Amino acid sequence: MRYSKLFSPTLRDTPADAEVVSHQLLLRAGFIRRVTSGVYDYLPLGLRVLRNIENIVREEMNRAGAQELLMPMVQPSEFWQKSERWDKYGPELLRFKDRHGHESCLGPTHEEVICDLVSRELKSYKQLPMNLYQVQNKFRDEIRPRFGLMRGREFVMKDAYSFHANAECLAKEYQNMFDAYHCIFNRLGLKFRAVEADNGSIGGSASHEFHVLAESGEDLITHCSACDYAANVEKALSTPVEHTAEDSVLNEVSTPHKSAVEDVAAFLKVEPSSLLKTLVYVAIGGENDGQIVAACVRGNDNVQEIKLARTIGADEVALASVEQLLAIGTVTGFAGPTQLDCPIYMDQSLQHAVGLIAGANKKDIHITGLNISRDVPDAIFADLRETQVGDTCGKCGKGHMEMSRGIEVGHIFELGTVYAKPMEVLFQNEQGKRDVATMGCYGIGVSRLMAAVVEQCNDDYGIMWPVNLAPFKISVITLGKSETAFAASEKIYNELLDAGVDVVWDDRKESPGVKFKDAELTGIPLRIVVGDRGLDNNALEIKTRWGGKEEATPEAVCQKALDMLQSLQQENN
RNA sequence: CGGGGCGUAGCGCAGCCUGGUAGCGCAUCUGGUUUGGGACCAGAGGGUCGGGUGUUCGAAUCACCCCGCCCCGACCA
């Protein structure tokens, strides 16, 4: 490709509305442009990278034995009614009617469609197991799209669905996908971590998320310093540092206008860990929709709302309103577990706690000397607190937990029969009886990966694509306007084209600085500089995007560059 | 949807408080000079000042409504 013909509009200034580096650089380097909220154009360079990512994903999925197909973006409401998600899925599902008044939606995921397809064709256990995948655009009407490709409404996803005769077979495929995902993210040159995850609304049993480690990540993930345990904090198991206190009698103390944990602790001259934090929640969705519950953790801990929701059988929870607090006999800022008219859930670490300070359910008053087993006999104990740095690992009991931020780029689930059953994905088993297929599903956010890679691979000059992903591998930069430099460049360019490399020739009538800056901004791994000076010295410069520098004669420069490319590729993997 | 911020040329911004007929840098176009790190000179084009309504002799500027964007929260690949 000649740069003079390339549609690659780069920007000098960072667009003001882009917050994270990946968004800024992808815009500046001319890889993407925004169409509307959470919806983007992929320009030629961006599409090249996207395709490179897709192809690595394809190769590894194929190698793992999955088969590619392609399902539609538009899906009929009937499928969703059958799976009972038409009502459950919520406003993220973009629904519309066609000219006949027929209700449809844009696919946010494809369990329904694949189940419908497979249910029609699946007859016998002999056809199983089977793993089908696609790389396709999804649409989710996200509440708040942000960070460019990181959280779009329309995005490219690889979604795979496996079907099995039984749970053991599913477990095997789950492991197979787990391993394939490791291969994929390694080939993409990413620092990542697989963590145990909450299944969320998708349902099913086992589940892992794959996170690219980055400060800008939206998720908090935690891992053990000693064993291989790693989990999303939404789900992580750990035990807090022990707290000891003297047992004593209950006593009321006046704490005027002090309701925040820090304020109360400072006012009473104690550590926040001596306090009991009581938060009142309302269940949303699930069998106990609308139920009000109290959740208690130590003052220095936080309630992990997802854990609470799972514990009480709700889809999610929300903090109760002032009116709801009054209804159960307490007031804002001074809630405590005694004499509350609702079920009281307590973090399991509090089972034997004594000498705590808690709200008295009266304005401006706290109680001291709270003994949980004595004073809150009806408490229900469960894992409710959010894991903190330094907690003891809930798995090995030896290491302590460390925290990092992650971008979720993959998620795999053992679904079991949650979709196959309502969608009637049935087959005849070995005994000749009708059976429900057991399913797994495996997602990778392909377009999000593009952003995640940039988050990890950039410097002050721009993007530094891993060789595997780079839109072009080599940039031939012509300097000056001499006929000889131009002719020499063209020769090198053609030689590289013949060698089958993705090469771009910067033949523009621009000053050297502009060409260098653009090559760096767009992250081309290797550049060959062809100028009169180099030609006169019979030594052309080859420079890597990571600072490496070599020289070669005009005759040898192509081979040299190809060799360098190869060794860069190996470093990558 | 709740809270905060913003909307003036392709990009980055000033002007608004105190109303007077729209400006700067970069980019773009023409001509010329230049070419190993975002060149220089001369000239040129490009704006419903997000939209509407109102106040006013007069609105980018003041008021009200709407729309859009960004950040924090709930969602998730």
Side-chain angles (χ1 to χ4, degrees), chain A residues 9-20 23-24 27-28 30 33-34 36-38 53 57 89-93 108-110 135-160 181 197-202 209-212 217-219 232 234 284 305-306 309 315-319 406-413 441-452 461-462 477-482 485-486 508-521 527 529-537 540-541 543:
Chain A
T10 56
L11 302 172
R12 285 202 184 199
D13 299 309
T14 302
D17 50 9
E19 177 79 358
V20 297
H23 190 196
Q24 294 174 346
L27 285 170
R28 272 194 65 202
R33 287 292 184 263
R34 196 185 73 95
T36 181
S37 177
I53 296 173
V57 171
Y89 206 92
E92 266 195 0
L93 184 64
T109 177
H110 281 67
V135 177
Q136 193 237 21
N137 280 30
K138 295 285 182 279
F139 191 93
R140 293 182 189 173
D141 201 356
E142 292 279 346
I143 309 161
R144 182 154 84 87
R146 65 186 128 173
F147 303 152
L149 297 186
M150 211 89 98
R151 179 172 300 281
R153 294 152 84 211
E154 182 169 337
F155 58 98
V156 181
M157 176 161 141
K158 186 281 301 177
D159 47 327
Y181 273 39
D198 182 71
N199 290 42
S201 47
I202 296 195
E209 290 168 352
F210 289 77
H211 286 267
V212 168
E218 295 182 83
D219 284 87
N232 192 309
E234 293 173 353
I284 300 174
E305 297 185 354
I306 303 221
D315 289 341
E316 52 186 309
V317 294
L319 283 170
I407 302 164
E408 186 190 348
V409 291
H411 200 160
I412 59 178
F413 301 87
C441 81
Y442 319 91
I444 288 182
V446 175
S447 46
R448 180 183 282 181
L449 265 172
M450 183 160 148
Y461 299 101
I477 295 181
T478 305
L479 294 187
K481 56 172 186 182
S482 84
F486 196 83
R508 293 177 298 172
K509 294 176 176 38
E510 290 286 353
S511 71
V514 172
K515 296 185 177 186
F516 291 144
K517 293 286 184 198
D518 277 341
E520 281 151 2
L521 181 60
R527 76 178 190 215
V529 181
V530 186
D532 285 335
R533 196 177 82 189
L535 291 169
D536 290 346
N537 297 336
L540 299 181
E541 177 196 281
K543 207 167 171 186

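All values below come from the heavy atoms of this structure, side chains included, with hydrogens, waters and symmetry mates left out. Below, chain A is the first sequence line, B the second, and so on; all start at residue 1. This one's a predicted model, so the numbers in the text were calculated from it and none came from an experiment.
A donor-acceptor contact under 3.5 Å links the side chain of A:Glu541 to the base of B:G36. One N or O donor and one acceptor, one from the side chain of A:Arg28 and one from the base of B:G38, sit under 3.5 Å apart. Evaluation of atom-type donor-acceptor distances gives no pair under 3.5 Å for the side chain of A:Arg146 against the base of B:C70. You won't find any donor-acceptor pair under 3.5 Å spanning the side chain of A:Glu510 and the base of B:G37, going by distance alone.
Residue A:Asp518 is in base contact, counting any heavy-atom pair closer than 4.0 Å across all strands shown.
For A:Arg527, whose side chain is taken as the heavy atoms from C-beta onward, the closest listed nucleotide among B:A77, B:G37, B:G38 is B:G37. Residue A:Arg144 has its side chain nearest to B:C71 when only B:A27, B:C71, B:C76 are considered. With distances taken from any side-chain atom of A:Ala16 to the nucleotides B:C71, B:A77, B:G12, the minimum falls on B:G12. Counting only heavy atoms from C-beta on, A:Glu92 has its side chain closest to B:C75 among B:A39, B:G36, B:C75. Of the candidate nucleotides B:G38, B:A77, B:C75, B:A77 has the atom lying nearest to any side-chain atom of A:His411. Side-chain proximity of A:Lys517 to B:G38, B:C69, B:G36: nearest is B:G38.
Atom CG of A:Asp532 and atom P of B:U34 are 14 Å apart (whole Å).
A donor-acceptor contact shorter than 3.5 Å links the side chain of A:Arg28 to the backbone of A:Leu11. Put simply, the side chain of A:Arg151 never gets that close to the backbone of A:Arg144: no donor and acceptor are under 3.5 Å apart. Proximity of a side-chain donor or acceptor of A:Arg448 to a complementary backbone N or O of A:Met150 within less than 3.5 Å is detected. Looking at A:Lys517, its side chain never comes within 3.5 Å of a backbone N or O of A:Pro512 through a donor-acceptor pair.
Taking side-chain N and O atoms only, A:Ser37 has a distance below 4.0 Å to OP1 or OP2 of B:C69. In terms of phosphate contacts, A:Ser511 brings no side-chain nitrogen or oxygen within less than 4.0 Å of OP1 or OP2 of B:U35.
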